[in-house]
Structures are given as structure tokens and as C-alpha cells.
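This one's a predicted model, so the numbers in the text were calculated from it and none came from an experiment.
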Amino acid sequence: MALAEAENPPRRRRPAPDPVAVLRGHRAAVNDVCFHPFLPLIFSGAADGELRVWDTASHRTVSSVWAHGGSAGVYSVAASTRLGNKIISQGRDGSCKCWEVEEAGLSRRALYTIRTSTYHFCKMSLVKSTCSTCCTQSGLSSATGDIESQSTVTEERELGTCCKGPNIMAIAGQESSQVELWDIDNAIKVMCLPEICSANLADHLTKQRGSSPQLLLRKKQELDDKLGAALDYAWLCKLSSLVVQLIYEDGSTLLWDVRNPGLPVSSVKYHSESALSIAIDGLCNGGISGGADDKIVMFGLDHQKGAFILRKEIKLERPGIAGTAIRPDNKIAATAGWDHRIRVYSYSKGNALAVLKYHSASCNAVTFSSDSKLLASCSADTTVALWELYPPKTDSQVGLKTRDEISQ
């Protein structure tokens, strides 16, 4: 027995890796971070109002601007292929600003500013990938936008470059439980979720659902009282509609179809305290959420039934998840914790892969690069850390493995 144990010693868990780079330069807590969709750049926003651009190759600052007032700070930053060489910053001053990415860095002045008049602690969310078919059928298409032919839409969808139609942003509304959808290209508010019942809308909803306007208003008020403030959102883009998934102060997760904005399609309550962050996978088949309680939830989505499917609940030793992200290849998920830890999981199986221990204060957000090679985390310790974890296999590696399996 002793010999067998000597020949087969117990496997030791490999220590968690260190970050490949730490980006220092901010003088206040870093609230959010995002990668440029196709350039080697990363953007970070801090509580003192500074928006900074970093080069992911040299790990140096490219440029910075004071995007929002110091007392307000930058609460969220977002980029997408639909925006191209532009990014959006959200401040606690009730505004969202669009900035152009130039050769020398960010434009010195914002291209335009959207005055939302909302001051909640809730980060915005952009439609990251959609197509003109989705926007047209969902009723969110621009009145001046050209309608593409079906063949063109199909080709663009196959190439992954279908970026027509309006850029839609979700942001907390003036009513704490409402979420507003904005056309950010034209700085126009499109709708609210739940929709406020005007006379025309009430007539439309009455004909569509057979409910009286008074009943719908009462249901909306009950929904407001129950849920509290909306705290995060994620977009699901299907060929039939645009769907928004929202999480709320009471721990609930609601699914909304923008074609029927009066009431949610379905709802679940996975968290016992405020749900703080949600991420949806690239196929829109499920996601991961975290909150102020001591658990992380992985769930699936049945789009035909409009239902949630609980896949796994992960119990935490310490409560508090401020940010969640799923890698673009849908293989890895990561969370940012109040306990200064970044946790990495297999998205398909839900098992833990690593606990990253670099930051010395609460972690506020995590995000993956579009090529799935880098993970970025930001913290109240004023730093941004870059990590290389389980890099995706290249086409040559996949081909080599396939040939080896065939030969065996």
C-alpha cells in the first residue's frame, strides 16, 4: 500500500496564477472596465470621474479624460461592435456620454451627451449583437433606417458583422423599478419597462390582453412595490424579438419582451437579497447571476415557454458578488467579489476552476476580451488587473487533437 501511494502521490492543486499585468494610474476606486471589440485597448472608469484608455500590449496609459464630475464619477463604461470606434461612459451625474476612439486616444470632448436624469447605482447595458431583422420585428427599428434584404441580413449574421439598426441602451429609469430603453445614436428614449400606461397604450393593451387599464396600472404598482429598484440588466437577442433580462433589489430576475412592455414574460427569485449582476451567454441560452447573498446562480432559458431553468447554485463562504461575466466562447464564467476575490468557473459544468487573489479591496467588475484570451478585473484598490486563463485553443490545435483521436 505504501509503495502504491509513493508511486501515485495525491494530486496537488496548482496555485492560482498571478495577473500578467497590473494597470496603475487611477487615483480613486475603479468602478468598471471593458475591452475594445477589435483593438488592443481597454477602458476603465473611476469614482473621481476619470475615464482612462490602456494599451493591452504595452500595459501603458494611452490617454485619459475627466468624463464626469468628480463628485459623480464614472460608474460604467461600455463598448460594442455596433458602436465601432466609440465607447459610452455613464456617470452618477445623470448623464451618459459617447466618446470617439482616435489614434491618440479618446476625443477630448464627448461627441454627444444623453441626459437621462437618473441617479441610481445601476450600470447601463448595450445591445452587443443584433441584426436589423431583430430590431424591425421588435418595434425598435429607426424610422429613418433602411430595411436590408433578407439575403444581406443572412450573410451579415453568418459573418458576425450584422450591426444595422439602432443602438439601444438600457438604463435605470426615473422611477426606481423602471428601466428605460434609449436609442443612443439619436439620444431618444424609446420606451420604459414596465411601460407607463398612456391613453393610447392603455387602449392597445386592453385590446391585446383583455385587461382594463386600471388593472394593468394596479399590477404595475404591485410590481414596483414588490421588486424595488432595478440593479442590472442583460440583453438577449433572438431572431423574433429583443428581450431584456432584469434583476432587482428584492433578488428577483424578470424577463421582458420589448414587444409587450406592460408586464414581464416570466420571473424567478434565485437570490434572498438584492441581485446585483447578471451576464448572458453568447447563444442567449442561459446565464449567471450574483448578488448580496452568499450564492452564485447558473440558469438556462427556455425561449419557447419563456421560462427559467435552474442549472446550479454555488454556495460562497463570503457573501457579495458585484460583477459577473461569461467568456465569448461560452466556456468560462467569472465573478467579482466583495471579498477581493475573482472566482472562475466552468460555465458548462459549474465547477470551480480558480480563485484569483490579487486585489486588496472589493472587486467591482470583470470582463473578457472579444478573443477570449484576456480577463480584466477592477477594484476599489484603484487598479485594473489582466489575467490569462485557460486560453482558447487555436484552429491548428483543434485539428491536431482531432487527428490524434482518429489515429488512436
Side-chain angles (χ1 to χ4, degrees), residues 31-34 75-76 78 80 90 120-129 168-173 177-179 181 193 227-238 242-258 264-303 306-314 316 319-328 330 332-338 342-345 347 350 363-368 377:
N31 290 324
D32 202 13
V33 63
C34 74
Y75 192 55
S76 178
S80 72
Q90 175 194 2
H120 305 295
F121 294 86
C122 183
K123 295 180 178 179
M124 64 178 171
S125 179
L126 303 181
V127 177
K128 294 181 175 59
S129 61
I168 304 298
M169 172 183 69
I171 192 168
S177 63
Q178 282 188 333
V179 170
L181 306 186
L193 299 173
L227 297 175
L231 295 178
D232 198 13
Y233 351 79
W235 286 94
L236 287 75
C237 179
K238 307 300 284 185
L242 288 176
V243 182
V244 191
Q245 193 160 7
L246 314 177
I247 57 177
Y248 288 84
E249 203 169 29
D250 77 330
S252 298
T253 306
L254 271 63
L255 198 64
W256 296 84
D257 190 327
V258 298
V265 176
S266 63
S267 66
V268 292
K269 189 174 180 179
Y270 288 139
H271 296 278
S272 58
E273 297 185 40
S274 297
L276 300 176
S277 181
I278 188 169
I280 299 298
D281 62 44
L283 299 175
C284 300
N285 289 331
I288 181 173
S289 66
D293 57 8
D294 59 350
K295 69 170 117 174
I296 296 167
V297 175
M298 292 186 176
F299 58 88
L301 290 165
D302 186 330
H303 291 281
F308 295 87
I309 304 167
L310 179 62
R311 288 177 46 216
K312 188 165 186 176
E313 285 188 357
I314 302 169
L316 301 173
I321 296 296
T324 55
I326 300 173
R327 207 165 74 172
N330 299 326
I332 293 175
T335 64
W338 291 353
I342 304 297
R343 290 175 172 82
V344 184
Y345 300 91
Y347 179 60
C363 296
N364 294 325
V366 285
T367 186
F368 288 97
S377 59

*asked:* Nearest 0.5 angstrom please: F368 CZ to I332 CD1, how far?
replied: 6.0 Å

_4.5 Å side-chain heavy-atom contact, Y347 and R311_ = yes

_Partners passing side-chain contact (heavy atoms from CB on, under 4.5 Å) against S289 (at least two apart in sequence or in another chain)_ = H271, I278, V297, F299

*asked:* Contact between V366 and I342 at the side-chain level, heavy atoms closer than 4.5 Å - yes or no?
replied: yes

_Please find the pair of heavy atoms, one from L310 and one from Y270, that lie closest to each other, and give the distance._
N-OH, 3.5 Å

_Test item: I171 and Q90 side chains (from C-beta on) under 4.5 Å apart, heavy atoms_ = yes

*Shortest non-hydrogen contact from A365 to N31?*
CB-O, 4.0 Å

*Counterpart residues, side-chain contact (heavy atoms from CB on, under 4.5 Å), relative to A322 (two or more places apart)*: W338

*Could you tell me which residues satisfy side-chain hydrogen bond (donor to acceptor under 3.5 Å, both in side chains) with D32, sequence neighbours excluded, listed by chain and number?*
S76

*Between S267 and S252, is any side-chain donor less than 3.5 angstrom from a side-chain acceptor?*
no

_Contact summary for A292 and P319, nearest pair of heavy atoms_ = O-CB, 3.6 Å

*Would you say the side chain of R343 lies within less than 4.5 Å of the side chain of L316, judging by non-hydrogen atoms?*
yes

*Going by the salt bridge (Lys or Arg N to Asp or Glu O under 4.0 Å) test, which pairs reach into residues 273-296, not counting sequence neighbours?*
D294-K315, K295-E313

*Heavy-atom check, side chain of I296 versus side chain of I288, under 4.5 Å*: yes

*Carefully, step by step, assess I168 and L126 under the rule side chain to side chain contact (heavy atoms under 4.5 Å, CB included).*
CA-CA 6 Å; I168 304 298; L126 303 181; over 6 Å; no

*Below 4.5 Å, heavy atoms only, C-beta onward: do T253 and K269 meet side chain to side chain?*
no

*G350 versus K312, closest heavy-atom pair with distance*: O-NZ, 3.4 Å

*asked:* Using only atom types and a distance under 3.5 Å, with no angle test, would you say the side chain of S277 pairs donor to acceptor with the backbone of T324?
replied: yes

*asked:* For S266 versus G306, what's the shortest heavy-atom pair and its separation?
replied: OG-O, 2.6 Å

*Drop me the distance from T335's OG1 to I321's CD1, to the nearest 0.5 angstrom.*
4.0 Å

*asked:* With a 4.5 Å cut-off on side-chain heavy atoms, are Y345 and I314 touching?
replied: yes

*Is any side-chain heavy atom of P264 less than 4.5 Å from a side-chain heavy atom of L255?*
no

